[in-house]
Amino acid sequence: IFTAAGTPHSSTHNDSSESLGGSAETLKAAGNRHYESGSWVAAHRCYTQAIELDPGNPFLLTNRAACNMSLLNYESVIKDCLKAVELDPHLVKGYARMAHAYALQGQARQAGKHYASAVHYGAMQGSSILDRVKEEAAALETLERANNLQAADNHDQVVELLSASCPFVGAPPVALM
């Protein structure tokens with residue numbers, strides 16, 4: 001679930017170091033198990049150790065970003081995702097998670113920029129998360145319209161807008177992609 005195409009990441013970085021309790025792929029697998037069971041701190045620890053062994057693997061960074069999202073540590077999500085998209089400029093999950101973190105911080109302009117990148121690259125790649133990204137981007141636009149209407153004292157229109165399905169309203173702060 002943590003690679004762009006659902007296949008293991010093949011890194012050119014040498015995973016031979018065993019000093020932190022295993023190879024990067026072994027630590028990633030352990031992190032995935034912890035994450036799926038809701039043990040986000042343990043998963044974070046595994047991904048951090050894996051990153052130390054394989055710092056050029058953008059999927060490890062987006063996995064750790066998912067942990068940070070679950071832990072409500074949005075600045076760390078953004079930091080890891082910025083590094084991930086620097087390593088792989090077409091990494092849809094990097095842009096999507098970063099956009100989500102910006103949106104949850106109320107930084108709509110930054111979120112919109114990264115949602116646009118996620119939609120662009122997701123469409124090019126036929127990404128499995130494209131529909132979710134589009135939904136979140138549309139929800140962000142709805143929230144921005146609601147904010148503008150509220151600023152203009154159009155409260156009835158705000159209620160109407162926010163009554164529509166919106167993943168940022170009433171949803172838990174974390175959604176896996």
Side-chain angles (χ1 to χ4, degrees), residues 1-9 11 20-88 90-119 121-122 127-140 142-143 165-177:
I1 66 173
F2 289 92
T3 63
T7 58
H9 171 69
S11 173
L20 295 173
S23 71
E25 284 300 318
T26 300
L27 289 163
K28 177 184 171 196
N32 290 354
R33 286 190 301 277
H34 286 300
Y35 187 88
E36 290 300 322
S37 71
S39 299
W40 300 310
V41 172
H44 186 281
R45 195 173 313 121
C46 288
Y47 295 135
T48 297
Q49 291 176 350
I51 290 165
E52 290 175 13
L53 294 172
D54 189 3
N57 184 330
F59 301 109
L60 295 172
L61 290 160
T62 57
N63 287 8
R64 186 170 69 180
C67 293
N68 280 316
M69 185 78 75
S70 297
L71 295 167
L72 310 180
N73 189 353
Y74 305 130
E75 288 300 319
S76 292
V77 172
I78 292 165
K79 180 181 174 188
D80 278 347
C81 289
L82 282 170
K83 178 67 175 167
V85 299
E86 179 183 307
L87 292 168
D88 180 353
H90 302 112
L91 187 59
V92 177
K93 283 186 182 180
Y95 291 110
R97 288 197 175 123
M98 186 169 19
H100 195 88
Y102 276 124
L104 290 170
Q105 289 184 318
Q107 297 183 43
R109 190 166 283 132
Q110 284 290 351
K113 176 179 121 179
H114 295 296
Y115 276 129
S117 294
V119 168
Y121 293 119
S127 174
S128 62
I129 65 168
L130 182 59
D131 289 340
R132 171 96 181 160
V133 171
K134 286 181 177 179
E135 179 183 303
E136 288 184 14
L140 179 66
T142 299
L143 288 175
S165 175
C166 183
F168 295 115
V169 177
V174 178
L176 284 180
M177 291 186 259

request  = Kindly indicate, with the supporting measurements, whether the criterion salt bridge (Lys or Arg N to Asp or Glu O under 4.0 Å) is fulfilled by Glu36 and Arg33.
outcome  = CA-CA 5 Å; Glu36 290 300 322; Arg33 286 190 301 277; over 6 Å; no
Is the shortest side-chain heavy-atom distance between [X] and [Y] below 4.5 Å?
| X | Y | result |
| --- | --- | --- |
| His34 | Trp40 | no |
| Arg97 | His100 | no |
| Thr48 | Glu52 | yes |
| Phe59 | Leu61 | no |

Rounded distance [0.5 Å steps], [atom1] in [X] versus [atom2] in [Y]:
| X | Y | atom1 | atom2 | answer |
| --- | --- | --- | --- | --- |
| Lys28 | Tyr35 | NZ | OH | 14.0 Å |
| Thr62 | Tyr47 | OG1 | OH | 9.0 Å |
| Asp54 | Ser23 | CG | OG | 9.5 Å |
| Met69 | Leu71 | CE | CG | 11.0 Å |
| Lys93 | Asp88 | NZ | CG | 12.5 Å |
| Lys134 | Arg132 | NZ | CZ | 15.0 Å |

message = Tyr102 vs Ile78, test: side chain to side chain contact (heavy atoms under 4.5 Å, CB included). Steps then yes/no.
response = CA-CA 8 Å; Tyr102 276 124; Ile78 292 165; 3.4 Å; yes
Using every non-hydrogen atom in the two residues, find where [X] and [Y] come nearest and quote the distance to one decimal.
| X | Y | value |
| --- | --- | --- |
| Ser76 | Asn68 | CB-ND2, 3.4 Å |
| Ala24 | Leu53 | N-CD1, 3.7 Å |
| Leu140 | Ala108 | CD2-O, 3.7 Å |
| Leu87 | Pro55 | CD1-O, 3.6 Å |
| Ser127 | Val92 | OG-CG1, 3.9 Å |
| Ala118 | Leu130 | O-CD1, 4.4 Å |

task = Using side-chain hydrogen bond (donor to acceptor under 3.5 Å, both in side chains) as the criterion, list what pairs up with Ser117, not counting sequence neighbours.
result =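 Ser117: no side-chain hydrogen bond (donor to acceptor under 3.5 Å, both in side chains) contacts found.
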message = Let's go through Lys79 and Asn73 carefully: what are the C-alpha distance in whole Å and the side-chain angles of both, what is the deciding distance for side chain to side chain contact (heavy atoms under 4.5 Å, CB included) to 0.1 Å, and is it a yes or a no?
response = CA-CA 10 Å; Lys79 180 181 174 188; Asn73 189 353; over 6 Å; no
key: Parallel, tilted or perpendicular, as decided by the 30° and 60° cut-offs, for the rings of His90 and Tyr121   =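 The rings of Tyr121 and His90 stand perpendicular, inter-plane angle above 60°.
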task = Sequence neighbours left out, what pairs pass salt bridge (charged side-chain N to carboxylate O under 4.0 Å, His left out) with at least one residue falling in residues 59-75?
result =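 Only Arg64-Asp80 qualify under salt bridge (charged side-chain N to carboxylate O under 4.0 Å, His left out).
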